[in-house]
Structures are given as structure tokens and as C-alpha cells.
Enquirer: 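Structure incoming, see below.
Predicted model, so just to flag it, every value in this text is computed and none were measured. In the text below, chain A, chain B and the rest are named by the order of the sequence lines, each starting its count at 1.
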2 protein chains.
Amino acid sequence: MPQAERFQADDPTMRFVEAWGRMGSVWGISRTMAEVHALLYITGAPLCTDDVMETLEISRGNASMSLRALVDWGIVGRVHKRGDRKEYFVAEQDVWTVFRSIVRERIKREVDPLLASLYEVRDDLAPAAERGTDPEVKARLEAMIDFLELCAALGERFAGPTGPGLQLAASLLARNHRSKHAD
Amino acid sequence: MPQAERFQADDPTMRFVEAWGRMGSVWGISRTMAEVHALLYITGAPLCTDDVMETLEISRGNASMSLRALVDWGIVGRVHKRGDRKEYFVAEQDVWTVFRSIVRERIKREVDPLLASLYEVRDDLAPAAERGTDPEVKARLEAMIDFLELCAALGERFAGPTGPGLQLAASLLARNHRSKHAD
DNA sequence: CTGGTCTTTCAGAACTTTTTGAAAGCAGAA
DNA sequence: TTCTGCTTTCAAAAAGTTCTGAAAGACCAG
């Protein structure tokens, strides 16, 4: 497999990359980052910064940033080839593992800080016997906190590093499934 | 409860609104939209466009757009008061229902289109006996498609309009839980 | 050390999204 | 009909984000 790949714009690989790129928002990352990930995933083999730059036609800086961010998210790993100074990158190949990393990261980055803020609000609410704050406000706040705690806990269980993941998902679908699709 | 509410910036209501606003990205909506939703949710009572404008200090246009979008997402409803020409808005009060609406919408808007693109790529790949496309590429594509289908199906089951939702979530947590938190 | 190869950083440019405010639209009352 | 009170729309402005490319940094080999 040659180092500098040249894909046609309508090559299946490229079409996959584009489709995946459009999804970036769902995973909470930028389009380019998603494309870089898609390219690494579908290619399977380790690619270096220049491969990524050339294939996606992006700048060196952008490639470097995106790759590092993917490594931070834990869904891309760094690899070295003997006798080659360059650094190579490989995407995790198990989709379920990818999913787990993403869920874990997003909970850490987004749900946890929100919960922290809400705890603060609640704690300031309780002791002061708050002049005139509707008690129902407190109840709604609690309801939201409970829900988010449940989400975080579920996320950990469902997608956590040790989680049952796939099997659990499958079994969920299995029990009392109604007739689905034909496709 | 007066029509034009005036909250202190550090009022618990406002603090909730701000915390929730910062979360917008997670739900795939803009900060302002999230704040409008937070305000309606925590207030509990129906508010009109002017209430929202004044409380959040945003323009009429923005308030109007955000409210309509929330109605489209199905997590805010329109209400009319007898003898009042104004339109009022109330947020769904059951957090689990809100969650379900959001999951359903996002799958519809984001996962389904992606799946559609991937099906196209796969279908173009199969018949042509594609000159030189690595068979592993096809395998990886299939793996991704399978995963996304599972997600969509799970989403429907778990968060769908008829779904078991909360109970299911609770039971998931219950079985083989390891010692969690104290807090 | 010096020179070469590769990686990272960062200020500004390009692009995207969000917000505004004024104008147009709509509906009921008189 | 016209007036009035309210809602929606939309073009332009502001704010926010992502990308580029050049320069600086790191590291190794000789």
C-alpha cells in the first residue's frame, strides 16, 4: 500500500469519509476531525500526517490538531514504524469501543460539569430558606438532577470501559421486540 | 405571578438557566434555545414571548425563532389564555419525556441520513465487483452500518414514544451494580 | 555542535452560526 | 374596511468556530 494514496472523489472510501464528516456534530467534534477519523477507520492501516493532509486536502496545522484531538478522545492511537522517523496513526477498529470512548468523554466533558453547577444551585437554595423561591422550583431542579445522575450512571454502565455494551444492547432489543424493518 | 418577571442575576432560576444553556451543544441546539427551554422548564408556568425576551434579554426575533424551534422539537407546547390575544408557551415537565423527544429527533435528523448515505456507498460497492477495492473496506463499512442500525433501533426502543424508558433504565442499573458513589 | 526531518503552535483569514431590528404578515374588534 | 396588538420573517451585523501557513520547537544522525 503506497504511502501517498490518491483516491478519486467518488471512491467508496471518500464517500464514506464525507458521510461520516457530516455527522461530526452528533459526536461533538468538528467536520474535519470526523473526516480524519473516518479516513483512518475505513483505511484500517496506519497513516501519517502527510497522508491525511494529502488525502483530505487540508493544511498541516489542521491535520496535526485534528489527529491530536482524536488521540485525546482515545479513539485513535499513535504508532511508530521501525526505521521511520514519522509518526503514524491508527483508528480503533471496534465500533463498539469507539462508541464507548465517545460516550465516556462526552459525559465527562458535558454532563459532569452541568451536574456540578446544578449541585451548587441546589446547595445554595437549601440552607437559606430562600426568601420567596417557589418550592416547586426546587422540585423541578431535583427532578433534573436525578435524571442527569441516572444518565451518567447509565452511561458508565452501558458504555464504560468494563461495561457489557454490545451484549446488553442486543438483549435489550431482543426482549419484546415488535416487528421491525424489512429493508 | 406577575407577567414581566425580574430575576436577580444570581437568582436560582437564572443560575439554572445559565447552566442549562451551556449544555445546548449536547442536545444539539443553540445556547439561547437551551436557555429558553430552561426558563420555561424551571418556571413551570406558561410564559409569553415578551416574558422570555425580557428575562433573557434577547431580541423579539430570536425569542420567536427559539420558541418555534422548541415547539418543533416537541418539548414545548403552545397555550392560549382566555381573553388574552398573546400566545403562551409551556415546557414539558416530565424530564424523561423531554429526553425521549430529543433522542427521537436527533436520530431522525442525524443518524437516519447518515445511514442512508452509507447504504448508497455499500450498494454501489457490491454489484460492480469494484476494481481493486480492499474487501476489508467493505467489512468495515458493514460493521459501521450494523452499529448505527443497532443505535437507531435501540433509540426507538429505549426512548421511543411507547418505550419503557425509565423503568428499563432503572432495571439496567439495578442488575449487577458495583458499589457506586456516596455523595 | 550542525543540518535535516518531522511535529506543534498560533495569529490572522475564511467561513459558519447566531442574533438583531425593522418590516411584513395576520387576525380580531370596531 | 381600518386600527391594533401580536407574531413571523429575513437581510445584514456580530459573534463564534475552524482553517491556514509560516515560524518555532523537538529530536535524531552524523
Enquirer: Where do K108(A) and E105(A) land on the salt bridge (charged side-chain N to carboxylate O under 4.0 Å, His left out) test, with the steps shown first?
Expert: CA-CA 5 Å; K108(A) 196 176 79 192; E105(A) 276 295 307; 3.1 Å; yes
Enquirer: Can you tell me how far P of dA27(C) sits from CG of D84(B), to the nearest Å?
Expert: 17 Å
Enquirer: Assign each of S30(B) and R60(A) to its nearest nucleotide of DNA chain C by heavy atoms, then name whichever residue's nucleotide is nearer the 5' end.
Expert: R60(A)
Enquirer: If we only count heavy atoms from C-beta on, is the Y88(A) to R78(A) side-chain gap below 4.5 Å?
Expert: no
Enquirer: Salt bridge (charged side-chain N to carboxylate O under 4.0 Å, His left out), that's the test. Do D50(B) and K86(B) meet it? Break it down for me.
Expert: CA-CA 9 Å; D50(B) 295 79; K86(B) 275 206 280 295; 5.4 Å; no
Enquirer: In whole angstrom, give the distance that lies between atom CZ of F89(B) and atom P of dC6(D).
Expert: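 These atoms are roughly 13 Å apart.
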Enquirer: Could you tell me the separation between the CG atom of L70(B) and the P atom of dT18(C), rounded to a whole number of Å?
Expert: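 In whole Å, dT18(C) P lies 13 Å from L70(B) CG.
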Enquirer: Do the side-chain N or O atoms of S64(A) get closer than 4.0 angstrom to the phosphate oxygens (OP1, OP2) of dT8(C)?
Expert: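 It does, given that an N or O in the side chain of S64(A) lies less than 4.0 Å from OP1 or OP2 of dT8(C).
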Enquirer: Between dT8(D), dT7(C), dT7(D), which one does the side chain of K86(A) approach most closely?
Expert: dT7(C)
Enquirer: Expressed in angstrom and rounded to an integer, what is the separation of D51(B) atom CG from dT7(D) atom P?
Expert: 10 Å
Enquirer: Among dC6(D), dT5(C), dT19(C), which nucleotide sits nearest the side chain of R85(A)?
Expert: dT5(C)
Enquirer: Find out whether I29(A) and H37(A) are in side-chain contact, i.e. whether some heavy atom of one side chain is under 4.5 Å from a heavy atom of the other.
Expert: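 Answer no - side chains too far apart.
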Enquirer: The side chain of N62(B) lies closest to which of these nucleotides: dT7(D), dT8(D), dT19(C)?
Expert: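 Per side-chain heavy atoms of N62(B), the pick is dT19(C).
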Enquirer: Whole-Å distance between dG21(C) P and I58(B) CD1?
Expert: 12 Å
Enquirer: How are the rings of F147(A) and W96(B) set relative to one another: parallel (under 30°), tilted (30 to 60°) or perpendicular (over 60°)?
Expert: perpendicular
Enquirer: Just compare dC19(D), dG21(C), dT8(C) and give me whichever is closest to any side-chain atom of S59(A).
Expert: dC19(D)
Enquirer: How many whole angstroms separate atom CG of L56(A) from atom P of dT18(D)?
Expert: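 Interatomic distance, CG of L56(A) to P of dT18(D): 17 Å.
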Enquirer: Would you kindly give the NE2-to-P distance between H80(A) and dT5(C), to the nearest whole Å?
Expert: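 For the pair H80(A) NE2 and dT5(C) P, the rounded distance is 19 Å.
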Enquirer: Taking five pairs at each end of the helix from dC1(C)-dG30(D) to dA30(C)-dT1(D), what angle separates the two helix axes (nearest 10°)?
Expert: 10°
Enquirer: For R140(A) and I42(B), indicate whether the former's side chain and the latter's backbone hold a donor-acceptor pair under 3.5 Å.
Expert: yes
Enquirer: Which label fits W27(B) and F99(B): parallel for a plane angle under 30°, tilted from 30 to 60°, or perpendicular past 60°?
Expert: perpendicular
Enquirer: Mind calculating the distance between CZ (R68(A)) and P (dT18(D)) to the nearest angstrom?
Expert: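 Value for this atom pair: 17 Å.
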Enquirer: Among dT4(D), dC6(C), dT9(D), which nucleotide sits nearest the side chain of M65(B)?
Expert: dT9(D)
